[in-house]
Undergrad: 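Could you have a look at this structure, given as structure tokens, before my questions?
Not measured: the values here are computed from a predicted model.
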Amino acid sequence: MTYQPMTAKEVTKKIFNKEPLFILDVRNTSDFEDWKVEGANFTHLNIPYFDLLDGVEEVLPKLPTDQDILVVCAKEGSSVMVADMLSEAERDVSYLQGGMKAWSEHLEPVRVGDLKDGGEIYQFVRIGKGCLSYMVISDGEAAVIDATRMTDVFLHFAKEKQATIKHVFDTHLHADHISGGRIIAKETGASYWLPPKDAAEVTFDYNKLEGGREVMIGSTAISIEALYSPGHTIGSTSFVVDNTYLLSGDILFIDSIGRPDLAGLADDWVGDLRETLYKRYRALSDELLVLPAHFMTVSELNEDGTVSEKLGKLFAENHGLNIKDEAVFRSVVSENLPPQPNAYQQIREVNMGKIIPDEEEQREMEIGPNRCAVR
Amino acid sequence: MKVDKFLDAKSLACPMPIVRAKKAIQELEEGQILEVHTTDKGSKNDFAAWTKSTGHELIEVTEENDVIQFLIKKH
């Protein structure tokens, strides 16, 4: 038997299509429990590679014969070794090419919908980490929102669409992932926008993204309307694109809401978060399609792989939008919070331009899920 | 502390540091000490989990200039 690589893109397709996949994860158990490849119909078995050095006999009976088997490790090396041993034992398996490192970096562009003048909006699903970025394209011009550090993906995509990136926005100063916004702006000559209240300590020049401001993309007036919506951070800003799409940043997710503590001021921002979710957002049209900056579990993915939902439906169904009592709300968003994202303080410093780690260090900082939400 | 065997696993990628360490420790007697140096960041968690799984004792982990140093007592 042979073994072959399976790319992050192929695994993503299986997630979107809700296909079954059996994952033999050979990382150590704490890394596996912290973060793994998840799909609606994926099953997992975690046996660290160092427990298999003397042979894979004990695993063989635990592997199904009626579905694809994918061996996963951190950077590919151990999964290749185990896949090789399994193939020697006459089992047909694949390994995840590039391991969890590649998984963390894979971006899948998915078309969300049209703009009124014929333009389009795309969501870039960072499937392994749950980050969502956006590109608005209209009449040869593009805007990028909440770009991740895999800047080539955005640059190539715009080129393929024959669009020039004119504006790059970050809805807030991110704490879970390193922004690619500044680099994209530098490479393309685009303007880089950041909310000034999140940018007090940044070491670079930027355009001040403030509520009420409109930016046009293309000659046909696609408006990107900034809506000041503090709570996750003090500067957090949402966008209404083309009067149709609400890019909610880390304020409102599909099945959860933003957490107010990652910049260290949970108590101060609980009131802002409530004001934004229960008043500012309430004043918007129920028909807006909410496009958040994260998802937490693959159950939030729609059939086409997008993560989106009508604002009206979220008001009806999202638990975080339906806590009537303010004191209860306060305790939900400030007590029993999930663990903070890996290296979140350092990531904030990178995004402020205070430290410039090399690529490998940036990868290490971003290991793990995003953890920007509370439920 | 007296080190009985030294293994240089610097610049080796996973799974090699553990594969080599396993081999090296097989050549030691119970109670003897193996010192391993690695540069693969993932080896920190892996050595902790591997020693736990095999019953060897991870006596000390130190980091110096991106080199991770392990002292392991054979069980």
Undergrad: Hey, which residues of residues 10-17 of chain B are touching chain A, say heavy atoms under 4.5 Å apart?
TA: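 B:Cys14, B:Pro15, listed by number.
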Undergrad: With sequence neighbours left out, write down each residue that passes side chain to side chain donor-acceptor pair (under 3.5 Å) with A:Ser299, or none if nothing qualifies.
TA: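 In terms of side chain to side chain donor-acceptor pair (under 3.5 Å), with neighbours along the sequence ignored, A:Ser299 is linked to A:Thr297.
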Undergrad: Less than 3.5 Å apart, any donor N or O on the side chain of A:Asn351 or A:Ser179 sitting next to an acceptor on the other?
TA: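 No.
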Undergrad: Out of A:Asp68, A:Ile69, A:Val71, which residue meets the side chain to side chain contact (heavy atoms under 4.5 Å, CB included) rule with A:Phe22?
TA: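 When A:Asp68, A:Ile69, A:Val71 are each tested with A:Phe22, the side chain to side chain contact (heavy atoms under 4.5 Å, CB included) holds only for A:Ile69.
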Undergrad: I need the minimum non-hydrogen distance between A:Ser256 and A:Met296, along with the two atoms involved.
TA: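 Looks like OG-CG, 3.8 Å.
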Undergrad: For the pair A:Leu60 and A:Arg91, evaluate side-chain contact (heavy atoms from CB on, under 4.5 Å) and give the outcome as yes or no after the intermediate values.
TA: CA-CA 8 Å; A:Leu60 295 175; A:Arg91 299 301 300 260; 3.8 Å; yes
Undergrad: Salt-bridged, B:Glu35 to B:Lys5, with N to O below 4.0 Å?
TA: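 Salt bridge: no.
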Undergrad: Whether the A:Asp25 and A:His44 side chains hold a donor-acceptor pair (N or O, under 3.5 Å, no angle test) is what I'd like checked.
TA: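 Side-chain D/A pair, A:Asp25 to A:His44: absent.
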Undergrad: Can you list the residues that meet the salt bridge (charged side-chain N to carboxylate O under 4.0 Å, His left out) rule with A:Arg363, with sequence neighbours excluded?
TA: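 Salt bridge (charged side-chain N to carboxylate O under 4.0 Å, His left out) check on A:Arg363 returns A:Glu105, A:Glu359, A:Glu360.
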Undergrad: Tabulate, in ascending numerical order, the residues of residues 47-75 of chain B having at least one heavy atom closer than 4.5 Å to a heavy atom of chain A, or enter 'none'.
TA: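 Checking residues 47-75 of chain B against chain A gives B:Ala49, B:Trp50, B:Ser53.
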Undergrad: Hey, does the Lys NZ or Arg CZ of A:Arg27 hover above the aromatic six-ring of A:Tyr49, less than 6.0 Å from the centre and inside 45° of the axis?
TA: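 Cation-pi check for A:Arg27 and A:Tyr49: fails.
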